[in-house]
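Step one of this worksheet: look at the structure below.
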Amino acid sequence: MFKTLVKPGSPRSAVVTGAGRGIGRAIAIELLDRGYEVVVTDVDGAAAERTAQEIGATLGLVLDVTDPEANRDVAARACEIAPLGAWVCNAGVGTDGDLTTLSIGQVRTMVDVNVLGVMWGVRAAADTFRGQAVGGLKGGEIGILASLSSHAPVPGLSVYAATKAAVLSLAISVASELRGDRIGVHAVCPDGTDTAMVESMDVHGGAREALAAGVMLTPPHVARELVDLFGTRRVYRTLPAWRGVLGRIGTLSPVGFMYADPMLRRLGARRLRKAGKR
């Protein structure tokens, strides 16, 4: 059973970025179940509107998270529905490939969306929560989608992993900065998740093999684990926890990880073949 996060008679809105599909869509559904009036946003405005209609969300809006003012505009629209209660920075992009093989455009896009897009969303949410506090309505919740890759070396996903390590670090620091305002900041670091982004990766590439060697999660599972953090003091959670422990060991001993990596990739390749994906 999940806990309701919105008190009866005190409606709150929630914004989810990148919610046209995948984990973002699942988060929007989870927040609806917890009592929020949800605003679905996506860079694909048609997908945002379609998802909002399908799941019963209040509104679907186009949002380019790399535009600081666009984030503020969405926050204002959400406040027209009800005082803002939660903002989830889910929008993200990932392209597999070594740093030296990725194009400049691919690198810039990942940094702009995965790092700066989160920063602009957090700022828009925090400023809105602080503005509401002036009127007596204190607090709010901010959720951030990081990744297991933020803990460990991930050859073939080095840029993506770096952006996720950046937003996890951001979450930890901002959680302290906003604590006095009663604004909770929470992040989840999931292992590979069954999404279109993962499926788009080269099935013969090392990154896809590494993901297949781990635990493939579902979007609803990740969504539930993130929203469960709301209202608690916990800043982040790794899914599953044991994979986070292994990831940190890899960070502490990168040379040892280099020896283990080929074995993990062979395991992933076998799983992909067994699943008929290569």
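Remember, it's a predicted structure, so these values are computed and weren't measured experimentally. Note that these values count all heavy atoms, side chains included, but never hydrogens, waters or copies made by symmetry. This chain uses plain numbering: 1 for the first residue, then up along the sequence.
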Item checked: Counterpart residues, side chain to side chain contact (heavy atoms under 4.5 Å, CB included), relative to S10 (two or more places apart) -> K7, R12
Checklist line | Non-neighbouring partners of E177 that pass salt bridge (charged side-chain N to carboxylate O under 4.0 Å, His left out), sequence neighbours left out | finding: none
Checklist line | Inter- and intrachain pairs under salt bridge (Lys or Arg N to Asp or Glu O under 4.0 Å), touching residues 52-72, at least two apart | finding: R25-E54, R72-D127
Check: Which residue pairs satisfy the side-chain hydrogen bond (donor to acceptor under 3.5 Å, both in side chains) criterion with at least one member in residues 141-150, sequence neighbours excluded?
Finding: E141-H186, S147-S149
Notebook entry, point to check: Who pairs with E225 by salt bridge (charged side-chain N to carboxylate O under 4.0 Å, His left out), at least two apart in sequence or on another chain?
Noted result: R237
Check: Which of these passes side-chain contact (heavy atoms from CB on, under 4.5 Å) with V159: T95, D96, L102?
Finding: L102
Check: Can you name the residues that form a side chain to side chain contact (heavy atoms under 4.5 Å, CB included) with A48, not counting sequence neighbours?
Finding: V40, D42
Item checked: Other cluster members, Y236 - Ile/Leu/Val/Met/Phe/Trp/Tyr, side-chain contacts below 4.5 Å -> L168, I172, V235
Please set out all donor-acceptor pairs under 3.5 angstrom arising from side-chain atoms of residues 107-120, sequence neighbours excluded.
{"from": "T109", "atom 1": "OG1", "to": "G105", "atom 2": "O", "distance (Å)": "2.9"}
{"from": "N114", "atom 1": "OD1", "to": "V93", "atom 2": "N", "distance (Å)": "2.8"}
{"from": "N114", "atom 1": "ND2", "to": "V93", "atom 2": "O", "distance (Å)": "2.8"}
{"from": "N114", "atom 1": "ND2", "to": "T163", "atom 2": "OG1", "distance (Å)": "3.2"}

Note to self: Applying a strict under-4.5 Å side-chain criterion to I, L, V, M, F, W and Y, I'd like to know whether M216 and L148 cluster together.
What the structure shows: no
Margin query: Tell me which pairs pass ring-ring contact (aromatic ring centres under 6.0 Å, His included) where either residue lies in residues 12-63, with sequence neighbours left out.
Written below: none
Check: Who passes salt bridge (charged side-chain N to carboxylate O under 4.0 Å, His left out) against R21, sequence neighbours left out?
Finding: none
Note to self: Using the salt bridge (charged side-chain N to carboxylate O under 4.0 Å, His left out) criterion, which residues pair with D44? Sequence neighbours excluded.
What the structure shows: none
Margin query: Can you list, by chain and residue number, the hydrophobic cluster partners of V134 when the side-chain cut-off is 4.5 Å?
Written below: none
